[in-house]
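In what follows, a structure is listed as structure tokens, so that the remarks can point back to it.
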There are 2 protein chains.
Amino acid sequence: MSHTVGIRQAQKQKTRQALLDAALHLLEEQSLSSLGLREVTRAVGVAPTAFYRHFPSTADLGVALVEEALGSLHPMIRTTVSTAGDSRQRIDRAIELIARHVAAYPAHVRFIARERHGGVQPVREAIRDQLARFAEEVRTELAEDPVSTDWNDDDLLMLAHLYVDQMLSTASLFLETLDAPEEERIRAADLARRQLRLISIGRRHWHD
Amino acid sequence: MSHTVGIRQAQKQKTRQALLDAALHLLEEQSLSSLGLREVTRAVGVAPTAFYRHFPSTADLGVALVEEALGSLHPMIRTTVSTAGDSRQRIDRAIELIARHVAAYPAHVRFIARERHGGVQPVREAIRDQLARFAEEVRTELAEDPVSTDWNDDDLLMLAHLYVDQMLSTASLFLETLDAPEEERIRAADLARRQLRLISIGRRHWHD
DNA sequence: CCATACAGTTAACAACTGTTCTCTGGAATT
DNA sequence: AATTCCAGAGAACAGTTGTTAACTGTATGG
């Protein structure tokens, strides 16, 4: 049991990543349920049968993509709904973070938005589970905010889900306006900002 | 130019509808981008080539399905965000309407949720356009509410989009819990109700 | 009553799909 | 140095796909 990777395993992970990358690229203009195994291997330049060395089926490839797209996002959550600064600053920071992420990983965002309600059950479930984890994390973050002192856990989770949904909706909106003129992108950011503001107002007056 | 339908056209529309129904059924466990033309005709019991008498491609079939799923929904919008009753009654009525609709047309709801961000561009655009129309209608309805006297059109449209998104999100949640035990369905309805309540609170305190 | 229009059929096309089995070259282990 | 392991290749399988062309029967309009 050596802790060195070895040429063998290194090469394997390399082609595995190549398969993931190629699939993500192909999925920009189709859904996972229509993605062919041969289509992916052809794009990578390996034999169709090599696919099975890495994934039992394209559905498992999809689950791996969910991990890649959302797994590394958990650290970002804490800063997104961080308690630092006043309400306006927090909203601006969140919008900025989402916009940057969409610009940096558009294919990831598209994949999640597309397959969240897509035709492949295991992938839907993987996304649902990850989003539920996000909601939990957002809840614990919200609980530390002095605004939420008299909130019960159920209401906090309700608000957390609302925020997570809003984040995804905003990310999807930003994705659509990625190639649009700057004016439209500003309008989109403005819309998202005001929606977040309305939610945060509702939050402040929840117990009236 | 007769106003009588004629045996011929009647039969044509009958098979056309059969194609739409079969497609909708098949789309419950896959996405439109993987729906085969032959698959649909086989389900209806008609030759593959007959498909072309009704739709140039499966994408056009999808656009027709958008029309069927959302086109008939516009009348419902007015009553959903109607101004009658107090806030709690309005929310209860909206949730009830959504729940009924999801139970009555689950395949329609699933199709819209799935293809809204799906892999077929013309269908995405058709859904986006219809939802934009919904938002416009919601806005004019909201404008008549005395709560919105000092709201500008831009903010009203922002709120309308938030409501439309929330409706879809709620419908999708209800769809997932359709076959779940009643306890979970009640929890889902409760969550949706509180989220709507938070938004409506934010709305009331928008200009503070 | 007859000519036309046309929804649906049949047959054939090349291209594609997922999956199995057998094989090979080189890294890993002993 | 000899042996095992295993990522990937290659070939073949039975089925599938979208699209074309030429057809048939029947409702429709003159």
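Below, read A as the first sequence line, B as the second, and so on, with proteins coming before strands; counting in each chain starts at 1.
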- Test item: B:Leu162 and A:Gln166 side chains (from C-beta on) under 4.5 Å apart, heavy atoms: yes

- B:Ala143 to B:Leu156 - nearest heavy-atom pair and separation: CB-CD1, 3.9 Å

- Task: Provide, to the nearest angstrom, the distance between the CD1 atom belonging to B:Ile7 and the P atom belonging to D:dA27.
- Result: 6 Å

- What is the distance, rounded to the nearest whole Å, between atom CD of A:Gln9 and atom C1' of C:dA28? 10 Å

- Salt bridge between B:Arg139 and B:Glu136, side-chain N to carboxylate O under 4.0 Å? yes

- For DNA chain D, whose closest nucleotide is more 5', that of B:Thr49 or that of A:Ala50? A:Ala50

- Note on the structure: Out of D:dT20, D:dG25, C:dA27, minimum distance to the side chain of B:Tyr52 belongs to D:dT20

- Measure from the side-chain heavy atoms of B:Lys12 and tell me the nearest of D:dA7, C:dA7, C:dA27. C:dA7

- Check: A:Lys12 main-chain N/O paired with A:Arg53 side-chain donor or acceptor under 3.5 Å: no

- Does A:Asp165 pair with A:Arg116 as a salt bridge, N-O distance under 4.0 Å? yes

- Are the charged groups of B:Asp190 and B:Arg187 less than 4.0 angstrom apart, N to O? no

- Query: Does atom NE2 of A:His25 have more than 12 heavy-atom neighbours, drawn from other residues, nucleotides or ligands, at distances under 6.0 Å?
  - Reply: no

Report all interatomic pairs (protein N or O, nucleotide N or O of nucleotides 22-24 of chain D) with separations under 3.5 Å.
none

- Message: Could you tell me how far apart A:Phe55 (CZ) and C:dG18 (P) are, to the nearest whole angstrom?
- Response: 15 Å

- Query: Of the residues in residues 14-46 of chain A, which ones touch DNA chain D at a heavy-atom distance under 4.0 Å?
  - Reply: A:Thr15, A:Arg38, A:Val46

- Mind calculating the distance between CG (B:Asp60) and P (D:dT19) to the nearest angstrom? 11 Å

- Value in whole Å for how far the C1' atom of C:dG8 lies from CD of B:Gln11: 10 Å

- Message: Measure CZ/A:Phe51 against P/C:dT20 and give the value in whole Å, please.
- Response: 14 Å

- Item | Flag side-chain contact, heavy atom, 4.5 Å: A:Leu32 against A:Leu65 | no

- Task: Taking only Lys NZ, Arg NE, NH1 and NH2, and the carboxylate oxygens of Asp or Glu, determine whether A:Arg78 and A:Glu137 approach each other closer than 4.0 Å.
- Result: no

